[in-house]
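In what follows, a structure is listed as structure tokens, so that the remarks can point back to it.
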Amino acid sequence: MSKKNGIGPFSRRAFLRSAATLGAAALAAPALAQNATPLEALINDRSRGNWDDQFDAKAAARTAAAVQSNTPILGPDSVPNIQQAIAQYQSIVANGGWPQINPTSQQPLQLGVTDPAVQALRQHLMVSGDLPREAGISSSFDSYVDGAVKRFQARHGLPPDGVIGDFTLKAMNIPANIRLQQLNTNLVRLQTFPSDLGRRHVMVNIPATRVEAVEDGQVALRHEAIVGRESRPTHIINSKIYEVILNPYWTAPRSIIIKDIMPLMRKDPTYLTRSNIRLLDGKGQEVAPETIDWNSDKAPDLMFRQDPGKTNAMASTKINFHNPNNEYMHDTPEQGLFNKLMRFDSSGCVRVQNVRDLATWLLAETPGWPRQHIEQVISTRVNTPITLASEVPVYFVYISAWSARDGIVQFRDDIYNLDGNSQLALDTTQGMEQPVQ
């Protein structure tokens, strides 16, 4: 619940009158523009474009939904869109950037709080285009600031809870010139992609932990994803999806056999049986676990293959694409992982939330595989590989800053430290920003 400061609700008109007495009128009065500071001039500069026109004055609309777009991150407009964002941020930097936010108390800045730092917060949000100029300057964290903070959070891939938590504060306090650098870095990346990505294609954006299925220039599906951790990064690659496997087998990599399975078998000899993992020799013959010396320094030269089923590491679905890294997209029995703030947990493969929707979309042009039939096959738990009638291009990309045609600029944590500035890696993998109840 939000904490109250004892001040009752008041009208927008009354708030503006109040703000004027605090000096807000100086920010809004054109007659005083000649005496304005660079920050005030920037806030009042109508030539910045239509940022404020995009801002919905109704607080309920200024949340994550207002930041979503059907425009794909990769597309023919990607380069001009980010170039427009670069021009906007060049203007911000030229006028001194935005103020740093330094809360004066232990209490998080959130709806209902009164804190001198909210004045700087309001200025920051005005400069970044998240709060309209007409909201004025005061120390009160009202519903307008709440909506603007949620909009900022959504643009930065953070939970839109309206609370200035640790990660939101870190994101806000990245200077404008560094954000401009990030945009320029990503412009170079976007310029490397062909203009024709394919009528139907899939994009996996690693720092955004997001999958987009694109058809005829529009996002048909958007999925949350879990990608490789920094020590085992997901590779950047352009390839083609050629196969969907329902009820896949999972074969344990040698590293997992040595580091995980061997120690587990020493502690619990029933682990493999309970996990439905079978040992197979080079001829495909099954080997009993009790015949293996699990205390040996060397792992047995056998295949460790897990049967299809609910406990399978890939759950219901595996999506294969051509690549030399043995990476693929797949389902997971651990659906709770998608609730994490940042999802960099895998060993390189990509787990996809609601992956059956993506499989259905991929198989839409392969005769005989409507959603109902896919579900029927999954219920049998029988391993079923399906070759796509036409391979679908897939792009694994590292785009940490972009802008759609609506002019809303998006930024993400530089998880792999590829953007050239340590401040862009917010360490959001170290914890989870909990929403306020």
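This chain uses plain numbering: 1 for the first residue, then up along the sequence. Worth knowing before you read on, the calculation uses all heavy atoms, side chains too, and leaves out hydrogens, waters and symmetry mates.
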Polar contact flag, side-chain donor to acceptor under 3.5 angstrom, [X]-[Y]:
{"X": "His235", "Y": "Glu327", "answer": "yes"}
{"X": "Asn173", "Y": "Gln423", "answer": "no"}
{"X": "Gln153", "Y": "Asp161", "answer": "yes"}
{"X": "Ser140", "Y": "Asp142", "answer": "no"}

Compare every heavy atom of [Y] with every heavy atom of [X], then report the nearest pair and how far apart it is.
{"X": "Leu424", "Y": "Gln182", "value": "CD2-OE1, 3.4 Å"}
{"X": "Pro72", "Y": "Gln218", "value": "CD-CA, 4.4 Å"}
{"X": "Arg371", "Y": "Asp357", "value": "NH1-OD1, 2.6 Å"}
{"X": "Asn186", "Y": "Ser400", "value": "OD1-N, 2.8 Å"}
{"X": "Met329", "Y": "Val204", "value": "SD-CG2, 3.9 Å"}
{"X": "Asn323", "Y": "Asn325", "value": "OD1-N, 2.9 Å"}

Going by the angle between their ring planes, with limits at 30° and 60°, are Phe152 and His124 parallel, tilted or perpendicular?
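Ring orientation, 0 to 90° scale: perpendicular.
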Looking at [X] and [Y], would you say the former's side chain and the latter's main chain have a donor-acceptor pair under 3.5 Å?
{"X": "Asn312", "Y": "Pro248", "value": "yes"}
{"X": "Trp98", "Y": "Val93", "value": "no"}
{"X": "Ser316", "Y": "Ile378", "value": "no"}
{"X": "Arg356", "Y": "Glu375", "value": "no"}
{"X": "Asn247", "Y": "Val382", "value": "yes"}
{"X": "Arg151", "Y": "Gly129", "value": "yes"}

Centres of the Tyr398 and Tyr416 rings: under 6.0 Å?
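So the answer is yes for these two rings.
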Is it true that Tyr89 and Phe411 have ring centroids separated by less than 6.0 Å?
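Yes, ring centres under 6.0 Å apart.
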For the residue pair [X] and [Y], establish whether any side-chain heavy-atom pair is separated by less than 4.5 Å.
{"X": "Val202", "Y": "Trp361", "value": "yes"}
{"X": "Ile206", "Y": "Val397", "value": "no"}
{"X": "Met203", "Y": "Ile399", "value": "no"}
{"X": "Tyr249", "Y": "Pro308", "value": "yes"}
{"X": "Val377", "Y": "Trp369", "value": "yes"}
{"X": "His223", "Y": "Leu358", "value": "yes"}

Before you tell me yes or no, could you show the steps for Ile137 and Gln123 under side-chain contact (heavy atoms from CB on, under 4.5 Å), namely the whole-Å CA-CA distance, both residues' side-chain angles and the distance that decides it to 0.1 Å?
CA-CA 7 Å; Ile137 304 298; Gln123 291 179 328; 3.7 Å; yes
Determine whether Asp130 and Arg155 satisfy the following criterion, salt bridge (charged side-chain N to carboxylate O under 4.0 Å, His left out), listing intermediate values before the conclusion.
CA-CA 10 Å; Asp130 295 301; Arg155 290 194 302 110; 2.7 Å; yes
Could you tell me whether [X] and [Y] make a salt bridge, using a distance below 4.0 angstrom between a side-chain N and a carboxylate O?
{"X": "Lys170", "Y": "Asp166", "value": "no"}
{"X": "Arg200", "Y": "Asp216", "value": "no"}
{"X": "Asp331", "Y": "Arg351", "value": "no"}

Step-by-step side-chain hydrogen bond (donor to acceptor under 3.5 Å, both in side chains) determination, His322 to Glu391:
CA-CA 10 Å; His322 305 287; Glu391 294 184 348; 3.1 Å; yes
Thr185 and Asp419: CA distance, side-chain angles, deciding distance, side-chain hydrogen bond (donor to acceptor under 3.5 Å, both in side chains) verdict
CA-CA 7 Å; Thr185 298; Asp419 286 351; 5.5 Å; no
I'd like to know whether Arg199 forms a salt bridge (charged side-chain N to carboxylate O under 4.0 Å, His left out) with Glu365, so could you lay out the CA-CA distance, the side-chain angles of the two residues, the decisive distance to 0.1 Å, and finally the verdict.
CA-CA 12 Å; Arg199 182 180 67 84; Glu365 298 184 357; 2.5 Å; yes
On the ring face of Trp402, is Arg189 found with NZ or CZ under 6.0 Å from the centre and within 45° of the axis?
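No.
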Please lay out, stage by stage, how Leu121 and Val149 fare under the test side-chain contact (heavy atoms from CB on, under 4.5 Å).
CA-CA 9 Å; Leu121 175 62; Val149 169; 4.3 Å; yes
Flag if over 12 foreign heavy atoms under 6.0 Å of CE, Met262
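Yes.
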Start with the C-alpha distance between Ser403 and Gln410, add both sets of side-chain angles, then the distance that settles side-chain contact (heavy atoms from CB on, under 4.5 Å), and finish with yes or no.
CA-CA 6 Å; Ser403 179; Gln410 304 246 8; over 6 Å; no
First locate atom SG of Cys349, then atom CD1 of Ile319, and finally report the distance between them rounded to the nearest 0.5 Å.
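Reported to 0.5 Å precision, the distance equals 12.0 Å.
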Show, in sequence, the C-alpha distance, side-chain angles and deciding distance for Val219 and Thr71, and conclude whether the side-chain contact (heavy atoms from CB on, under 4.5 Å) test is met.
CA-CA 6 Å; Val219 177; Thr71 303; over 6 Å; no
